[in-house]
Student: 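Sharing a structure with you now.
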Amino acid sequence: SPALQDPAVQAVLTSWGPGKYDAYWNHDQLNDPTVIPAAYGLNGVPVETFTGEGPVSYWNAYVAVTQMHGQGSFRDPEMGIEIVASPDLVTPKLPDLQAYQLTLAAATPPAGSYDPAAAQRGEAVFTGQGTCASCHRPPNFTDAGERVHQPSETGMDPGLAERGTTGGYRTTPLRGAWQRPPYFHDGSAATLQEVVEHYDGFLGLGLSAQQKADLVEYLKSL
């Protein structure tokens with residue numbers, strides 16, 4: 001989309017990556033903020049949060065009423081929230097807001113930001129020895145909505161999963177990953193190279209230095 005190429009829009013989109021927020025504070029009063037998931041590329045992705053809770057329409061209502069104090073109704077028995085507004089000025093607007101959000105595609109990587117030949121080799125690693133495609137399945141590069149993964153499956157810190165209702169983590173969609181460091185729910189990987197190194201070590205993939213470099217270039221191309 002031409003609008004997504006606007007420098008001002010790019011600045012906003014990029015700012016979402018390192019931003020952090022604790023969506024569970026109202027639930028358990030712990031202050032352990034996590035990286036805010038991308039607000040674009042959600043079309044075809046049924047759950048948007050790291051722990052696979054959603055959909056985005058729920059979080060739109062939660063933020064509009066409980067965080068931005070809009071005049072609307074919101075109910076969540078598990079968090080002990082029961083807000084009733086009359087008239088409700090928020091709920092009627094939520095379908096249009098969601099429809100707009102689903103039009104926001106991930107931005108195209110800038111020209112010259114990755115090596116096309118290396119990215120092509122990296123795709124072979126992604127679908128082959130790297131086993132990435134077993135969970136990051138095209139076209140959305142996720143299996144979100146079908147399953148959540150236990151932290152022990154991926155070597156992730158279990159803290160956030162244990163605070164949520166699913167007990168695990170969704171597979172993060174990879175479109176636009178080039179522009180949203182740091183990575184993982186806790187921002188523990190500063191670069192895509194660190195992401196690749198983590199999985200290579202934890203899963204015992206045995207990737208060569210060249211394969212890892214090529215895989216990084218492929219991820220930068222998405």
Student: Is there a side-chain contact between Asp28 and Arg163 in this structure, where contact means two heavy atoms from C-beta onward sitting under 4.5 Å apart?
Tutor: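 Side chain of Asp28 against side chain of Arg163, heavy atoms only: contact under 4.5 Å found.
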Student: Is the side chain of Glu153 donor-acceptor paired with the backbone N or O of Gln150 at a distance under 3.5 Å, no angle test?
Tutor: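 Yes; at least one donor-acceptor contact below 3.5 Å.
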Student: Quick one: side chain to side chain contact (heavy atoms under 4.5 Å, CB included) partners of Ala124, sequence neighbours excluded?
Tutor: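 Expected list: none.
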Student: Is it the case that the side chain of Arg170 and the backbone of Arg147 share a donor-acceptor pair, with hydrogens and angles ignored and the cut-off at 3.5 Å?
Tutor: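 Judged by distance alone, no pair lies under 3.5 Å.
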Student: Determine which pairs satisfy side chain to side chain donor-acceptor pair (under 3.5 Å) with at least one residue from residues 110-130, sequence neighbours left out, and list them in order.
Tutor: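 The answer is Arg121-Asp214, Gln129-Gln211.
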Student: Sequence neighbours left out, what pairs pass ring pair (Phe, Tyr, Trp, His ring centres under 6.0 Å) with at least one residue falling in residues 121-162?
Tutor: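 Counting only pairs at least two positions apart or across chains, the ring pair (Phe, Tyr, Trp, His ring centres under 6.0 Å) contacts touching residues 121-162 are Phe126-Phe141, Phe126-Tyr218.
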Student: Is the shortest side-chain heavy-atom distance between Asp22 and Thr34 below 4.5 Å?
Tutor: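 The answer is no; the side chains never approach within 4.5 Å.
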Student: Which atoms form the tightest heavy-atom contact between Ser221 and Pro109, and what is the distance?
Tutor: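 Taking every non-hydrogen atom into account, O-CG, 3.4 Å.
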Student: Please evaluate residues Ser57 and Leu94 with respect to the criterion side chain to side chain contact (heavy atoms under 4.5 Å, CB included), reporting the C-alpha separation (whole Å), side-chain torsions for both, the decisive distance (0.1 Å), and the verdict.
Tutor: CA-CA 7 Å; Ser57 54; Leu94 294 177; 5.8 Å; no
Student: What is the minimum heavy-atom distance between Glu82 and Arg75, and which atoms define it?
Tutor: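 Looking at all heavy atoms of both residues, the shortest contact is OE1-NE, 2.9 Å.
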Student: How long is the straight-line distance from CG of Asn60 back to CE of Met68, given to the nearest 0.5 Å?
Tutor: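 The CG atom of Asn60 is 10.5 Å from CE of Met68, to the nearest 0.5 Å.
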Student: Sequence neighbours excluded, which residues qualify as ring pair (Phe, Tyr, Trp, His ring centres under 6.0 Å) partners of Phe50?
Tutor: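 Ring pair (Phe, Tyr, Trp, His ring centres under 6.0 Å) list for Phe50, sorted by chain: empty.
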Student: Tell me every residue that passes side chain to side chain donor-acceptor pair (under 3.5 Å) with Thr51, counting only those two or more places apart in sequence or in another chain.
Tutor: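 So Thr51 forms a side chain to side chain donor-acceptor pair (under 3.5 Å) with Tyr24, Glu53.
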Student: State, to 0.1 Å, how close Val84 and Ser73 come at their nearest heavy-atom pair, and which atoms those are.
Tutor: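 Closest pair (atom of Val84, atom of Ser73, distance): CA-OG, 3.6 Å.
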Student: What I'd like to find out is whether the side chain of Thr66 reaches to under 4.5 Å of the side chain of Ile81, using heavy atoms alone.
Tutor: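 Side chain of Thr66 against side chain of Ile81, heavy atoms only: contact under 4.5 Å found.
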Student: List for me each residue that meets salt bridge (Lys or Arg N to Asp or Glu O under 4.0 Å) alongside Asp186, sequence neighbours excluded, and say none if there are none.
Tutor: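 Result, salt bridge (Lys or Arg N to Asp or Glu O under 4.0 Å) vs Asp186: none returned.
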Student: Which atom names give the shortest non-hydrogen contact between Val90 and Ala64, and what distance separates them?
Tutor: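 Nearest pair, atom of Val90 first, then Ala64: CG1-CB, 3.8 Å.
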Student: Report yes if some heavy atom in the side chain of Trp178 is under 4.5 Å from a heavy atom in the side chain of Leu222; otherwise report no.
Tutor: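 No, side chains not in contact.
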Student: Would you say Trp59 and Ile36 are hydrophobically clustered, going by side-chain heavy atoms of ILVMFWY under 4.5 Å?
Tutor: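 Trp59 and Ile36: one cluster.
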Student: With the 4.5 Å side-chain cut-off for hydrophobic clustering, are Val45 and Tyr183 part of the same group?
Tutor: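 No, it is not one cluster - the side chains of Val45 and Tyr183 are not joined through contacts under 4.5 Å.
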Student: Under the ring pair (Phe, Tyr, Trp, His ring centres under 6.0 Å) definition, can you give me all pairs with a residue in residues 150-177, not counting sequence neighbours?
Tutor: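 Matches after skipping sequence neighbours: Tyr169-His185.
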Student: Give me each pair satisfying side chain to side chain donor-acceptor pair (under 3.5 Å) with a member in residues 194-203, each pair once, sequence neighbours excluded.
Tutor: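 Counting only pairs at least two positions apart or across chains, the side chain to side chain donor-acceptor pair (under 3.5 Å) contacts touching residues 194-203 are Gln193-Glu197, Glu197-Lys212.
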Student: If you define the side chain from C-beta out and look only at heavy atoms, does anything of Val196 sit under 4.5 Å from Leu219?
Tutor: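 Val196 reaches Leu219 side chain to side chain.
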Student: Would you list the pairs meeting ring pair (Phe, Tyr, Trp, His ring centres under 6.0 Å) in which at least one residue belongs to residues 67-96, sequence neighbours left out?
Tutor: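 Residue pairs with at least one partner in residues 67-96: Tyr58-Phe74, Tyr62-Phe74.
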Student: Looking only at atom types and distance, does a side-chain atom of Glu162 sit under 3.5 Å from a main-chain N or O of Gly167, one as donor and one as acceptor?
Tutor: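 No, the answer is negative, given that no donor and acceptor are paired below the 3.5 Å cut-off.
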Student: To the nearest 0.5 angstrom, please state how far the CG atom of Asp32 sits from the CG atom of Asp157.
Tutor: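 Nearest 0.5 Å value for the CG-CG distance: 7.5 Å.
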Student: For Leu102, which fellow cluster members are found when Ile, Leu, Val, Met, Phe, Trp and Tyr are connected by side-chain heavy-atom distances below 4.5 angstrom, either directly or through intermediates?
Tutor: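 When side chains under 4.5 Å apart are linked, the cluster holding Leu102 also contains Leu42, Val56.
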Student: Answer whether the closest heavy-atom distance between the side chains of Thr103 and Asn43 falls below 4.5 Å.
Tutor: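 The answer is no, as the side chains (C-beta and beyond) never meet within the 4.5 Å cut-off.
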Student: Could you list all the salt bridge (Lys or Arg N to Asp or Glu O under 4.0 Å) pairs where at least one residue sits in residues 130-139, not counting sequence neighbours?
Tutor: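 Salt bridge (Lys or Arg N to Asp or Glu O under 4.0 Å) check on residues 130-139 returns Arg137-Glu146.
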Student: Hey, could you give me the CG/CG distance between Leu215 and Leu205, rounded to the nearest 0.5 Å?
Tutor: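 Between atom CG of Leu215 and atom CG of Leu205 there are 9.0 Å.
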Student: Identify the two heavy atoms, one from Thr172 and one from Arg180, that lie closest to each other, and give their separation to 0.1 Å.
Tutor: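 Closest pair (atom of Thr172, atom of Arg180, distance): CG2-NH2, 3.6 Å.
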Student: Is Val148 reachable from Phe202 through a run of hydrophobic residues whose side-chain heavy atoms are each under 4.5 Å from the next?
Tutor: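 No: no chain of side-chain contacts under 4.5 Å links Phe202 to Val148.
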Student: Closest heavy-atom contact between Pro46 and Pro55?
Tutor: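 Closest heavy-atom pair between Pro46 and Pro55: O-CB, 3.9 Å.
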Student: Nearest 0.5 Å please: distance from the CG atom of Leu30 over to the CG atom of Leu160.
Tutor: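 Those atoms lie 11.0 Å apart.
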Student: Can you name the side chain to side chain contact (heavy atoms under 4.5 Å, CB included) partners of Pro92, sequence neighbours left out?
Tutor: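 If we apply the side chain to side chain contact (heavy atoms under 4.5 Å, CB included) test to Pro92, skipping adjacent residues, the hits are Asp88.
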Student: Could you tell me whether the side chain of Pro182 reaches within less than 4.5 Å of the side chain of Val35, counting heavy atoms only?
Tutor: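 Heavy-atom side-chain distance check passes, below 4.5 Å.
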Student: Would you say Val216 and Phe184 are hydrophobically clustered, going by side-chain heavy atoms of ILVMFWY under 4.5 Å?
Tutor: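 Val216 and Phe184: one cluster.
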